[in-house]
Amino acid sequence: MKVKNKKGGLVMEHNGFGGGRNGQENGHGDMPDFSGEKRSPHPGSGRRKALVFPKGRLLKDEERKALREIVGEGPFETALLIEYLHKIQDREGCLPEGLLHALAEALRIPMAGVYEVATFYAHFDVIADGEARPAKTTIRVCDSLSCMMAGAEELIAALHKEDMGDVRVVRAPCVGSCHTAPAVHVGHNHLDHATVAKVKERVNHGHVHPDVPDYQTFEAYVAEGGYSVLKACLSGKRSVDEVIATLSDGGLRGLGGAGFPTGKKWTFVRGYKGPRLMAVNGDEGEPGTFKDRHYLEARPHAFLEGMLIGAWAVEAQEVFIYMRDEYQAVLEILRNEIPKIEAAGLSAHTKISLRRGAGAYICGEESAMIESIEGKRGLPRHRPPYVAEVGIFDRPTLVNNVETLYWIPDILAKGADWFASQGKNGGKGLRSYSVSGRVKKPGVVLTAAGSTVAELIELCGGMLDGHAFKGYLPGGASGGILPASMGDIPLDFGQLEKHGCFVGSHAVVILSDKDDMKDVARNLMRFFEDESCGQCTPCRNGTEKAVKLMSNRTWDKPLLEDLSQVMRDASICGLGQAASNPLMSVLKFFPEDLA
């Protein structure tokens, strides 16, 4: 190689390829000669002979065969990766390395692409070759706030002492049953008001499958006039503009947490060039929230009709129902009822696809949910662009919450005034408050939008005997904590923000004088630490650091306030931005608990 200057620039001249002497040899002193080779030249063979076998793990034919017995013969779609992983986990009780290798080959993606998704979600157990498999039965004990208050810690300790055979006991985030705390899942079987005896009974009898509650079937819903509004839309008796105007005049808003006006959202999505898609956010993971599960297990077709009206309005080619994995009974109901809708010809204008979450709270954030629908890790996207413009598979996408869609048939059938007139204190419509904690009759309270916590406590039969009202969470884990002295504030969108709180999904947890607010805030921060997707440093490291600081006997108030500010200002999505709300509420409203 020679280097010379030419008109002020450097020009490199190579006498030969490989950098050897006079271009005749490579760096190892022997020039490769392919003229008599039986093998074709291989990249890098100038340095050493090509390997006879590929590097890394060798896939076995029996692993390929086993994969196809579990997931089918294909064709395989990368977007269905999480669905394939569920099938393997359900059959094997884990994700063996060999089957993951076979799945990567079938999907024609790198093994790393399968591994990064499988290890992101809490409900998947990745097992390396030679590694022991997890126990046959997994007992998941909810340790979120309402369950903690009902004795989850004592239950976990007691279960660990029991000899139940091939069983493992693990902690789990909120499973959507705060009103029946403590809640436990034995396999896929949901257990309310769990005790050691109840758990052992299910384990001993192999009762690990979901119990489907009595619900209104397709036939019963149609008999009472169900799907008549959808039929009117499909036949042209109702126009899209008329439907959107009715929803807007009725004051229907997104009831998953953000509260964005439904009619306005539908108009935005319709404004973008098709083809368009739709997603239903059924990943109800906010601690304290269980209203969507309540409606899905009672009247699923009211929701499904609202969903199909939404798909008609925005001309969505396909609707993806993203349902959290903890709601196994709901998944079973939808698997049974959706084919009936299709058979009746009520969904001819769109395609319905049911997608199953895998234990990731972050997928309640709409862009993270869309990533999961596409078969990826549930990492929130940077915005703009917003999902209404660039959503599933980069198409304009309408995203609605379950309860939002649930109310649409009634509002269209009974009129905007019927719904709007239900509110109070400036609120419009009805609200489904998930009430749990220290009240006598916790559950879903359907009442006027703008109701106060004092009214909700009364509707729940009052405080538990021996408990005095001390404070409450107005909007689940991320909505902050307010003292009893502020119990007359209307619980509706835009009312609580000035106090550093928000109503969110209308999950109300009642606290009493028996509760230490430091313990409450610590429990909530641990939840956020566990559920942070890890994408951004302020949230990933901030929640971890906050838990450590909050575990000290004395809280460093200036340091915690500074950390909270950084998390709010610099986190990508709402999880990190709102994670410090309970902490800041305790510092502001409950100084006596810090002494």
Side-chain angles (χ1 to χ4, degrees), residues 82 85-86 89-90 93-95 118-126 134-160 162 164 167-196 198-200 202-203 207-211 282-290 292-293 323-331 356-364 372 378 434 436 476-478 507 509 520 522-533 543 547 575:
I82 295 172
L85 294 175
H86 272 305
Q89 178 79 31
D90 289 344
C94 62
L95 300 178
T119 54
F120 180 85
Y121 296 94
H123 289 187
F124 294 141
D125 297 294
V126 177
K136 180 181 178 181
T137 302
T138 298
I139 298 173
R140 301 183 189 275
V141 183
C142 176
D143 66 353
S144 290
L145 181 59
S146 295
C147 287
M148 180 195 79
M149 294 162 60
E153 292 295 333
E154 293 79 4
L155 179 60
I156 293 171
L159 288 172
H160 277 301
E162 294 291 329
M164 293 181 282
V167 167
R168 62 172 174 170
V169 179
V170 299
R171 294 174 177 269
C174 185
V175 299
S177 195
C178 313
H179 58 311
T180 61
V184 170
H185 282 180
V186 181
H188 289 319
N189 182 260
H190 181 87
L191 180 58
D192 294 328
H193 301 297
T195 64
V196 172
K198 289 182 179 180
V199 172
K200 290 180 68 176
R202 277 164 170 71
V203 171
H207 195 171
V208 295
H209 302 293
D211 292 325
D283 199 65
E284 186 181 50
E286 184 73 23
T289 313
F290 46 89
D292 289 353
R293 175 189 165 210
M323 191 58 55
R324 67 184 309 213
D325 194 38
E326 290 83 352
Y327 289 0
Q328 286 292 318
V330 172
L331 287 163
R356 179 178 164 191
Y361 165 77
I362 191 62
C363 290
S372 189
S434 304
S436 63
S478 55
V509 183
V520 170
R522 254 193 306 268
N523 176 278
L524 299 174
M525 189 61 76
R526 286 197 184 100
F527 168 79
F528 290 121
E529 179 192 17
D530 290 340
E531 295 299 326
S532 172
C533 74
T543 52
V547 168
L575 191 157

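In this text the structure is predicted, and so the values were computed from the model without any measurement.
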Q: Apply side chain to side chain contact (heavy atoms under 4.5 Å, CB included) to the pair Asp211 and His207, showing each step before the final yes or no.
A: CA-CA 9 Å; Asp211 292 325; His207 195 171; 3.0 Å; yes
Residue pair [X] / [Y], side-chain heavy-atom distance below 4.5 Å:
{"X": "Ser478", "Y": "Glu286", "answer": "yes"}
{"X": "His123", "Y": "Glu326", "answer": "yes"}
{"X": "Cys174", "Y": "Phe290", "answer": "no"}
{"X": "Val203", "Y": "Val186", "answer": "yes"}
{"X": "Val547", "Y": "Thr543", "answer": "no"}
{"X": "Arg140", "Y": "Val175", "answer": "no"}
{"X": "Thr119", "Y": "Phe124", "answer": "no"}

Write down the atom of [X], the atom of [Y], and the distance for their closest heavy-atom approach.
{"X": "Ala477", "Y": "Leu524", "result": "CB-CD2, 3.7 Å"}
{"X": "Cys363", "Y": "Ser372", "result": "SG-CB, 3.9 Å"}
{"X": "Thr289", "Y": "Cys178", "result": "N-SG, 4.1 Å"}
{"X": "Phe120", "Y": "Ala360", "result": "CE2-CB, 4.2 Å"}
{"X": "Gly93", "Y": "Pro134", "result": "O-CG, 3.5 Å"}
{"X": "Ser436", "Y": "Ser146", "result": "OG-OG, 2.8 Å"}

Q. Parallel, tilted or perpendicular for Phe527 and Tyr361, by the 30°/60° rule?
A.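 The arrangement is perpendicular - the two ring planes meet at more than 60°.
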Under 3.5 Å, is there a donor-acceptor pair between the side chain of [X] and the main chain of [Y]?
{"X": "Asp325", "Y": "Ala358", "value": "no"}
{"X": "Asn189", "Y": "His209", "value": "yes"}
{"X": "Lys136", "Y": "Val167", "value": "no"}

[X] side, atom [atom1]; [Y] side, atom [atom2] - distance, nearest 0.5 Å:
{"X": "Ile139", "Y": "Ile156", "atom1": "CD1", "atom2": "CD1", "answer": "11.0 Å"}
{"X": "Asn523", "Y": "Met148", "atom1": "CG", "atom2": "CE", "answer": "4.5 Å"}
{"X": "Arg356", "Y": "His86", "atom1": "CZ", "atom2": "NE2", "answer": "4.5 Å"}
{"X": "Ser434", "Y": "Arg293", "atom1": "OG", "atom2": "CZ", "answer": "11.0 Å"}
{"X": "Leu155", "Y": "Cys147", "atom1": "CG", "atom2": "SG", "answer": "9.5 Å"}
{"X": "Gln89", "Y": "Leu95", "atom1": "CD", "atom2": "CG", "answer": "5.0 Å"}

(Q) Ring of Tyr327, cation from Arg324 - is the NZ or CZ under 6.0 Å from the centre and inside 45° of the axis? (A)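 That pair qualifies as a cation-pi contact.
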Q. Can a salt bridge be assigned to the pair Glu531 and Arg526 using a cut-off of 4.0 Å between side-chain N and carboxylate O?
A.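 No.
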Q.
Looking at Arg168 and Asp125, is there a salt bridge between them, counting it only when a charged N and a carboxylate O are closer than 4.0 Å?
A.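 Looking at Arg168 together with Asp125, the answer is yes, because their closest N to O distance falls below 4.0 Å.
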Q.
I want to know whether His185 and His190 have ring centres closer than 6.0 Å.
A.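 Distance test on ring centres: under 6.0 Å, yes.
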Q | Step-by-step side chain to side chain contact (heavy atoms under 4.5 Å, CB included) determination, Tyr121 to Ile82 | A | CA-CA 9 Å; Tyr121 296 94; Ile82 295 172; 3.5 Å; yes
Q: Apply side chain to side chain donor-acceptor pair (under 3.5 Å) to the pair Ser177 and Asp192, showing each step before the final yes or no.
A: CA-CA 7 Å; Ser177 195; Asp192 294 328; 3.0 Å; yes
**Q.** Chi angles and distances behind the side chain to side chain contact (heavy atoms under 4.5 Å, CB included) call for His193, Lys198
**A.** CA-CA 9 Å; His193 301 297; Lys198 289 182 179 180; 3.9 Å; yes
Q: Start with the C-alpha distance between Thr195 and Lys200, add both sets of side-chain angles, then the distance that settles side chain to side chain contact (heavy atoms under 4.5 Å, CB included), and finish with yes or no.
A: CA-CA 9 Å; Thr195 64; Lys200 290 180 68 176; over 6 Å; no
